[in-house]
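Here is how names work: the chains are called A, B, and so on, in the same order as the sequence lines, proteins then strands, and each is numbered from 1. Here the structure is a predicted model, which means the values were calculated and not measured.
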Amino acid sequence: MVDREELESVCKRRGFIWPSSEIYGGEAGFYDYGHLGARLKDNWEDIWKDFFLGIDDNYHMIYTPNILPYRALKASGHVDLFSDVLVHCMRCSESYRADHIVMELTGNNIEGMGAEEIEDILEKNDLRCPSCNGVFSETEDFNMMFSLNIGPTGEHKGFLRPETAQGTYMNFFREYRALRRQMPMGLATIGSAFRNEISPRQGVYRLREFLQAELQIFFVPGVHDTYYEELYDEDQKVRLLRDGEDEVKFVPVKELDELPIFYRYHLAKVYEFYHDHMELPHESIRLRELSDEEKAFYNLIHFDVEISMSSLGGWKEVGGIHYRGDYDLTKHQEESGTKMSIPIEGERVIPHVMELSFGVDRNIWALLDCGYHSKDRDWLSIPNKCAPYHVAVFPLVRKDGIIERSLDVFTELNSNFRAFWDKSGSVGKRYARMDEIGTPYCVTVDYDTLDDDTVTIRDIKSKEQIRVNISELVDVIDSLVFGEKVFNDHFSE
RNA sequence: GCAGGCGUGAUCCAGUUUGGUUAGGAUUAAGGCCUUCCAAGCCUUCUGCCCGGGUUCGAAUCCCGGCGCCUGCACCA
């Protein structure tokens, strides 16, 4: 169990993450990554890329701009639909979503209706504020996108992108040609997205500028997706919370009959990422199916990846697995006039999209939340590959040439790993510092080192030590950090 | 956005009710002494009243405005 304030305090004090522009009082919804947080984030992104691009030779990274022109987001539906029509009560100034209040008071669903029509309905039916019976104001359109003007005349309207996906969709056809028409085709990207949230809350969980890591997979159902049947491990188990059920089930994906194979395949891959690579325990991961009400209209199948975070009060979304059908490419084809269809057996077919979407900041927070222990000692348990420092080097005491010897060891390790050297305070204090920032291994140079060229390696999880010769130190640390080998293998030797 | 609470060194907190010496403690951090392995001890040291106005001889304290955070409501394509 982690208290959010305690975790935020460590993050600030040690250099992970904190509110942005804080010397000017800050601005809600923006966070900075400090020197440790930046490394953690970069490492997470590297592991994400290695894993998701690694599952198929035809999955690739691309990068696209943060600013998108008006028409791109008109096509995607964000200009019209990524907004709420609000009304305020003139008496008590309570604000409401106009469609919700009309629905509540009249029972009519008016989704997609324009502002003027809504005002008409409010007036004709003499609808009043439910809490004080006051009259409503005129409607106010609130779009969640940050708008801006491009160029000196300001005539070109644009937006900061509300999701990275649109840049990827617009590149579908060019990459389809550049990748020599291989399908299925995956285009991944990592980048910033921007949403002018009404009230950012809960630290990095809801931000106005945030990082997304997304993989868009393009294929034609019934044609390219059969490819996944060969790769598919039907016995792989995932923890699922189905819509309408209230218990999580740990089931092999082969039992999910009503979900297509390509969906099950990627569902399992996402689960594998969190369990095997983020090293989160099964109990902390679940894939939750969204109800029809929660689901966006274009998503045919939608499970969220949820991680149990005690600092945020329980299960929180860190990613989504969306089968979006042909919605995106169809919309861009309509708006742009550019062909998005590909030839299949003499006919032209618009490919479908399977989207794996992750909030990077939320994932970083999930690692910190799940990894931080404060019971007997404060220590951070994160995957070795994620750790800001892989290894630290200490002189046991500051005399008799031990400092110099430890610097030699440090120099060698630092050319192979992210290493850290510290002579300040007692050795126990230095272990404690490394515990707090998740450095998995600490190497200590002592008097035995002077006699026989051995050093100790201390493991963060168990606090146990092994003694190895300096000549094999790099190999041992390498196998501990990057290899399959775990500390106890060495310890029992 | 609404209601309530809050904002004091890097972190956490006392002090604000009733305005008045050099704003106090703990932790952390830096330098040193000591030290043969898990935040030991000793000495020294750095950093603070969220921002801007106002009242007053005098403001961390009272008033106004702003910013931020927390809880609840609302919101979260």
Side-chain angles (χ1 to χ4, degrees), chain A residues 3-15 18-30 34 73 76-89 92-97 99-101 111-112 129-132 137 140 142-145 162-163 165 195-203 205-208 294-299 302 313 316-317 320 322 327 376-379 394-400 402 422-436 442-451 455-460 462-465 467:
Chain A
D3 180 67
R4 184 173 141 211
E5 288 179 14
E6 185 184 350
L7 189 51
E8 286 179 345
S9 162
V10 174
C11 285
K12 283 189 207 169
R13 193 157 40 79
R14 291 301 182 187
W18 50 78
S20 193
S21 303
E22 64 177 342
I23 65 168
Y24 292 108
E27 189 67 50
F30 301 94
L73 291 157
S76 69
H78 286 89
V79 169
D80 297 319
L81 300 173
F82 196 56
S83 65
D84 295 321
V85 178
L86 301 178
V87 290
H88 310 281
C89 170
C92 70
S93 77
E94 181 73 86
S95 54
Y96 300 93
R97 265 183 64 169
D99 54 342
H100 284 188
I101 200 74
E111 201 175 322
C129 172
S131 64
C132 77
S137 67
E140 181 184 317
F142 178 75
N143 192 293
M144 300 253 295
M145 291 193 291
E163 60 179 19
R195 297 179 189 181
N196 198 4
E197 295 285 352
I198 295 171
S199 77
R201 285 282 170 93
Q202 302 196 84
Y205 185 72
R206 174 159 296 125
L207 296 173
R208 288 185 166 129
E294 292 174 294
K295 233 164 43 178
F297 64 91
Y298 47 75
N299 276 329
H302 182 166
K316 302 299 272 187
E317 176 198 349
H322 316 125
Y327 174 78
D376 303 318
R377 58 184 168 123
D378 298 343
W379 68 288
F394 308 141
L396 182 62
V397 294
R398 292 196 259 173
K399 58 185 181 184
D400 302 326
I402 289 181
D422 190 7
K423 69 170 174 29
S424 157
S426 66
V427 74
K429 183 91 163 181
R430 293 175 231 151
Y431 289 142
R433 286 190 191 113
M434 292 300 101
D435 280 349
E436 206 172 25
C442 295
V443 169
T444 300
V445 170
D446 58 18
Y447 280 97
D448 289 353
T449 311
L450 302 181
D451 294 337
V455 292
T456 58
I457 305 174
R458 178 257 197 192
D459 172 54
I460 190 174
S462 62
K463 295 165 72 182
E464 304 278 9
Q465 289 184 316
R467 184 167 276 279

Counting side-chain heavy atoms from C-beta on, which of [options] comes nearest to [X]?
X	options	result
Arg467(A)	rA74(B), rG68(B), rC37(B)	rC37(B)
Arg4(A)	rC75(B), rA29(B), rU71(B)	rU71(B)
Leu81(A)	rC69(B), rC37(B), rA77(B)	rA77(B)
Lys12(A)	rC12(B), rC38(B), rC67(B)	rC12(B)

Margin query: Tell me every residue that passes side-chain contact (heavy atoms from CB on, under 4.5 Å) with Lys12(A), counting only those two or more places apart in sequence or in another chain.
Written below: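 Expected list: Trp18(A), Pro19(A).
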Check: With Asn143(A), which residues qualify under side-chain contact (heavy atoms from CB on, under 4.5 Å), at least two apart?
Finding: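 side-chain contact (heavy atoms from CB on, under 4.5 Å) list for Asn143(A), sorted by chain: Phe82(A), Ser83(A), Met145(A).
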Notebook entry, point to check: Under the 3.5 angstrom rule, does the side chain of Arg195(A) hit a backbone N or O of Leu207(A) as a donor-acceptor pair?
Noted result: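 Checked: no pair found.
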Notebook entry, point to check: Below 4.0 angstrom from OP1 or OP2 of rA29(B), is there any side-chain N or O of Lys429(A)?
Noted result: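 It does, given that an N or O in the side chain of Lys429(A) lies less than 4.0 Å from OP1 or OP2 of rA29(B).
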Margin query: Between the side chains of Asp422(A) and Arg430(A), is the shortest nitrogen-to-carboxylate-oxygen separation below 4.0 Å, so that they form an ion pair?
Written below: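 No, no charged N to carboxylate O under 4.0 Å.
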Give the rounded distance in Å between these two atoms: [atom1] of [X] and [atom2] of [N].
X	N	atom1	atom2	value
Trp379(A)	rA39(B)	CH2	P	16 Å
Glu8(A)	rG7(B)	CD	C1'	14 Å
Glu464(A)	rC38(B)	CD	P	13 Å
Gln202(A)	rC75(B)	CD	C1'	13 Å
Lys295(A)	rA77(B)	NZ	C1'	15 Å
Asp378(A)	rU27(B)	CG	P	14 Å
Asp3(A)	rU71(B)	CG	P	10 Å
Trp18(A)	rC12(B)	CH2	C1'	18 Å

Salt bridge (charged side-chain N to carboxylate O under 4.0 Å, His left out) involving [X] - partner list, sequence neighbours excluded:
X	answer
Asp459(A)	none
Glu27(A)	none
Arg4(A)	Glu8(A)

Checklist line | For Trp379(A), all residues meeting ring-ring contact (aromatic ring centres under 6.0 Å, His included), sequence neighbours excluded | finding: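 Trp379(A): ring-ring contact (aromatic ring centres under 6.0 Å, His included) contacts with His373(A).
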Next item on the list: For Tyr205(A), enumerate each residue passing the ring-ring contact (aromatic ring centres under 6.0 Å, His included) test, keeping only those at least two apart in sequence or located in another chain.
Entry: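 Result, ring-ring contact (aromatic ring centres under 6.0 Å, His included) vs Tyr205(A): none returned.
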Margin query: Which is more 5' along RNA chain B, the nucleotide nearest Val455(A) or the one nearest Glu27(A)? Just name the residue.
Written below: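 It is Val455(A), whose closest nucleotide lies nearer the 5' terminus.
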Item checked: Along RNA chain B (nearest heavy atom to each residue), the more 5'-positioned of Val427(A) and Arg14(A) ->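 Mapping each residue to its closest nucleotide by heavy atoms, the 5'-most match is Arg14(A).
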Note to self: For a quick check of understanding: with a heavy-atom distance under 4.0 Å over all strands, which category does Glu163(A) fall into, base, sugar-phosphate or nothing?
What the structure shows: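 Result for Glu163(A) = base.
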Notebook entry, point to check: Looking for any heavy atom pair under 4.0 Å, which part of the strands does Thr444(A) touch: base, sugar-phosphate only, or nothing?
Noted result: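 Contact class for Thr444(A): base.
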Checklist line | Bracket notation of RNA chain B in which parentheses pair within the strand, [ ] cross earlier pairs, and | pairs with another strand (Watson-Crick or G-U, under 3.5 Å) | finding: (((((((..((((......[...)))).(((((.......)))))....(((((..]....))))))))))))....
Note to self: Take a 6.0 Å sphere around CD of Glu5(A) and say whether it holds more than 12 heavy atoms from other residues, nucleotides or ligands.
What the structure shows: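 12 or below, so no.
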What about [X], does its side chain sit under 3.5 Å from the base of [N] through a donor-acceptor pair?
X	N	answer
Tyr431(A)	rC37(B)	yes
Arg430(A)	rC38(B)	no
Thr456(A)	rC37(B)	yes

Tabulate atom names and distances for all N/O pairs under 3.5 angstrom spanning the protein and nucleotides 30-34 of chain B.
from: rA30(B); atom 1: OP2; to: Ser424(A); atom 2: OG; distance (Å): 3.3
from: rG32(B); atom 1: OP2; to: Arg398(A); atom 2: NH1; distance (Å): 3.4

